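These notes concern the structure reproduced below.
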Amino acid sequence: MDKKFKHMETAMIHEGYDSKELLGSLTPPIFQTSTFTFDTAEQGAARFAGEEEGHVYTRVSNPTVQILEQKLAALEKAEKGLAFASGMAAISAVLIALTKANDHIICSSGLYGCTFGLLSMMDEKYNIQTDYVDMTEAQNIEEKIRPETKVFYIETPINPTMEVIDLELVITIAKKHDIYVVVDNTFSTPYLQRPIELGADVVVHSATKYLSGHGDVIAGIAAGRKKLMEQIAATTQKDIGGVLSPFDAWLVVRGMKTLPLRMDKHAENALQITEKLKQHPGIKHVFYPGDPDASGYPIMRKQMKSGGGTLSFEINGGKEEAQAFLNNLQFIHIAVSLGDTETLIQHPATMTHAVIPYEERQRMGITDSLIRLSVGIEAWQDIWEDLSQALKHLK
Ligand code: LCS
């Protein structure tokens with residue numbers, strides 16, 4: 001957290017914006033403009049040459065978008081943040097900037113389906129190969145390191161298996177071999193976990209999820225050291241151009257003000273639902289990092305404030321039983337995405353992770369019986385009532 005604000009809850013609201021600089025407007029203005037006028041031709045030239053600070057064009061920078069970038073950077077303890085049109089725009093801008101043809105990436109065994117798709121595309125086009133590694137043992141990682149290994153890419157908790165990766169362990173190995181560590185912090189947010197404080201080089205986010213929190217925006221963020229972020233800003237962000245619109249940046253800034261309140265409630269509800277699911281005869285296994293019986297619980301306690309708001313579970317049965325269960329729900333929505341106020345449920349094998357080939361999916365633990373639940377901030381008793389009535393036909 002920034003020196004100015006000792007507590008995360010205060011920083012979440014105040015970082016990145018000073019109303020005194022903008023006519024006392026309590027909430028940030030939306031600078032809905034594509035371009036910025038220059039007083040003179042010489043001033044335009046100076047701005048393009050980087051000799052004078054100031055905005056030029058909204059694909060390069062925008063004051064409303066900058067508020068979000070500064071807020072997120074301060075919360076993540078990063079020097080600089082960059083906002084993108086989606087989580088995938090952020091991830092692709094970072095990974096393309098950090099690699100060149102024939103490099104190698106080591107990734108956690110399990111990740112969001114479209115990130116898997118991106119890594120497969122980078123392999124097909126540029127021979128940038130990725131090894132998916134069980135990162136619970138240092139030796140598993142060490143064995144896969146090659147001279148051309150450039151990046152460790154980690155999701156923790158992993159979407160959708162909810163496995164947690166020991167960041168301290170992975171970062172120690174990376175430093176020894178001079179390899180970048182990129183952490184997808186979407187499921188945790190800086191309120192629960194701050195990988196840069198632990199030595200990671202870059203954090204990426206789908207701000208579509210908990211950060212914005214209301215299911216009304218698609219957005220992404222990357223944050224890290226100033227020099228690295230400036231390099232990304234000047235290359236893959238500016239020239240590929242997946243930037244965030246000012247209005248969408250404003251929505252994320254607004255959503256973030258209540259992140260601590262929402263996240264505490266998500267986590268409290270997720271723990272209650274975990275306890276109930278664990279006792280149900282139709283459930284084989286529940287995966288929630290905040291569950292004291294979970295294998296990753298000690299690591300969660302070491303690096304996270306709580307287990308967050310998403311869990312997954314395996315039911316007795318396969319795809320058909322999983323689909324029947326989802327179809328029996330009454331108010332819980334069948335939908336991908338997560339981190340919204342509403343409880344959302346989905347079937348990763350046929351939805352978010354369907355793009356991953358069957359064999360690889362099995363290795364990652366994404367079976368046909370696995371269901372992912374993004375626990376909302378409704379009363380947990382109502383969430384459980386709906387789940388339990390839909391689970392009735394499962395034994
Ligand atoms: N990283 C993680 C961990 C994600 O879960 C997602 C999206 C992304 C990155 C990409 O972010 P986006 O471009 O959508 O903003 N995850 C989704 C999911 O699990 N269901 O729907 C989207």
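Each ligand, and each atom within it, is numbered from 1 in the order the structure gives. For clarity, every value in this text was computed on a predicted model and none was experimentally measured.
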List, one per line, each side-chain donor-acceptor pair under 3.5 Å for residues 26-36, sequence neighbours excluded.
{"unit_1": "Thr33", "atom_1": "OG1", "unit_2": "Thr35", "atom_2": "N", "d": "3.4"}
{"unit_1": "Thr33", "atom_1": "OG1", "unit_2": "Thr35", "atom_2": "O", "d": "2.8"}
{"unit_1": "Thr35", "atom_1": "OG1", "unit_2": "Val56", "atom_2": "O", "d": "3.3"}

For this session: Establish, from distance only, whether the side-chain atoms of Gln43 and Glu52 form a donor-acceptor pair under 3.5 Å.
Result: yes
Problem set entry | Amino acids in close contact with ligand 1, where any non-hydrogen atom sits under 4.0 angstrom away | Ser86, Gly87, Met88, Ile91, Tyr112, Glu155, Asn159, Asp184, Thr186, Phe187, Ser206, Thr208, Lys209, Ala219, Val336, Ser337, Leu338, Thr352, Arg372
Problem set entry | Under 3.5 Å donor-acceptor, Glu321 side chain and Gly318 backbone | yes
Problem set entry | Whether Asn269 side chain and Gly309 backbone form a donor-acceptor pair below 3.5 Å | no
For this session: Indicate yes or no: at least one non-hydrogen side-chain atom of Met162 is less than 4.5 angstrom from one of Thr310.
Result: yes
For this session: Describe, in one word, how the ring planes of Phe38 and Phe48 are oriented to each other, choosing from parallel (under 30°), tilted (30 to 60°) and perpendicular (over 60°).
Result: perpendicular
